[in-house]
Amino acid sequence: QVQLVESGGGLVQAGGSLRLSCAATGSIFGANVMGWYRQAPGKQRELVAQITSGYSTNYADSVTGRFTVSRDNAKNTVYLQMNSLKPEDTAVYYCTLLIKSINSRYWGQGTQVTVSS
């Protein structure tokens with residue numbers, strides 16, 4: 001029912017920028033959280049940034065000051081603006097949606113971000 005479609009990944013040089021987008025479709029209602037996780041080879045999947053339906057945000061320490069998460073509730077879309085990218089940001093980035101009332105989490109397909117030195 002609920003689907004998340006990501007776009008915007010790619011290859012960028014260190015110091016550059018990318019913007020990821022994730023559009024959600026389906027039965028999205030009530031309080032929810034949208035955000036981004038990432039997973040690098042051999043590492044645990046980690047939370048990068050998230051934003052609630054009330055626009056409260058949280059960021060991983062490693063991206064604070066460089067990344068900005070935002071959302072457009074009318075479009076059910078979440079964005080991740082990534083600036084000053086570093087090689088250690090290289091990972092597969094996954095969009096996620098948590099609908100709190102039913103405690104259900106949904107995931108996008110993942111998009112590769114590669115930062116070259």
Side-chain angles (χ1 to χ4, degrees):
Q1 177 73 326
V2 174
Q3 292 184 295
L4 303 175
V5 180
E6 305 174 25
S7 62
L11 175 65
V12 66
Q13 293 181 333
S17 298
L18 284 173
R19 190 177 76 150
L20 306 182
S21 299
C22 175
T25 60
S27 298
I28 303 165
F29 55 88
N32 65 80
V33 183
M34 298 187 75
W36 300 89
Y37 284 70
R38 68 186 182 188
Q39 188 165 27
K43 295 188 179 295
Q44 202 83 3
R45 183 176 297 189
E46 64 173 351
L47 176 67
V48 178
Q50 63 181 29
I51 182 167
T52 70
S53 45
Y55 302 101
S56 296
T57 60
N58 284 294
Y59 296 92
D61 289 344
S62 59
V63 308
T64 296
R66 299 188 297 120
F67 291 10
T68 302
V69 65
S70 61
R71 66 187 292 164
D72 184 338
N73 286 343
K75 297 181 178 179
N76 293 129
T77 300
V78 63
Y79 307 92
L80 186 66
Q81 179 67 47
M82 304 184 291
N83 298 328
S84 302
L85 282 161
K86 305 174 180 179
E88 51 262 45
D89 295 318
T90 295
V92 178
Y93 284 70
Y94 296 91
C95 176
T96 188
L97 164 66
L98 173 66
I99 300 177
K100 292 183 176 180
S101 63
I102 57 174
N103 195 34
S104 292
R105 185 178 290 278
Y106 305 88
W107 295 93
Q109 79 281 3
T111 185
Q112 178 71 46
V113 172
T114 302
V115 184
S116 62
S117 59

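In this chain, residues are counted from 1 in sequence order.
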Q: Taking the side chain as every heavy atom from C-beta outward, state whether E6 and W36 have any atom pair closer than 4.5 Å.
A: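 In short, these two side chains touch, coming nearer than 4.5 Å.
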
Q: State, yes or no, whether a side-chain contact exists between D89 and R38 at a heavy-atom distance under 4.5 Å.
A: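 Contact flag for D89/R38 side chains = yes.
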
If you compare all heavy atoms of [X] against all heavy atoms of [Y], which two are closest, and at what distance to 0.1 Å?
| X | Y | result |
| --- | --- | --- |
| A40 | A91 | N-CB, 3.9 Å |
| G108 | Y94 | O-CD2, 3.9 Å |
| S53 | N73 | O-ND2, 3.4 Å |
| G9 | V113 | CA-CG2, 4.3 Å |
| S84 | S17 | N-OG, 4.3 Å |
| V2 | L97 | CG1-CD2, 3.7 Å |

Atom pair [atom1]/[atom2] of [X] and [Y] - distance to nearest 0.5 Å:
| X | Y | atom1 | atom2 | value |
| --- | --- | --- | --- | --- |
| N58 | I51 | CG | CD1 | 10.0 Å |
| K86 | S117 | NZ | OG | 14.0 Å |
| L11 | Q112 | CG | CD | 9.5 Å |
| N76 | T25 | CG | OG1 | 8.5 Å |
| F67 | T57 | CZ | OG1 | 14.5 Å |
| I99 | S27 | CD1 | OG | 7.5 Å |

For [X] and [Y], indicate whether the former's side chain and the latter's backbone hold a donor-acceptor pair under 3.5 Å.
| X | Y | result |
| --- | --- | --- |
| T64 | A60 | yes |
| R71 | T52 | yes |
| Y59 | G65 | no |

Is the count of non-hydrogen atoms from other residues, nucleotides or ligands lying under 6.0 Å from [X] atom [atom1] greater than 12?
| X | atom1 | answer |
| --- | --- | --- |
| Q3 | CD | no |
| Q109 | CD | yes |
| Q44 | CD | no |

Flag yes if [X] and [Y] sit in one hydrophobic cluster, no otherwise; membership is Ile, Leu, Val, Met, Phe, Trp, Tyr, and two members link when side-chain heavy atoms are under 4.5 Å apart.
| X | Y | value |
| --- | --- | --- |
| I102 | L98 | no |
| Y79 | L20 | no |
| Y93 | Y106 | yes |
| F29 | V33 | no |
| V92 | L18 | no |

Q.
Would you call the rings of Y37 and W107 parallel, tilted or perpendicular, taking 30° and 60° as the class edges?
A.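 Perpendicular, since the angle between the ring planes exceeds 60°.
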
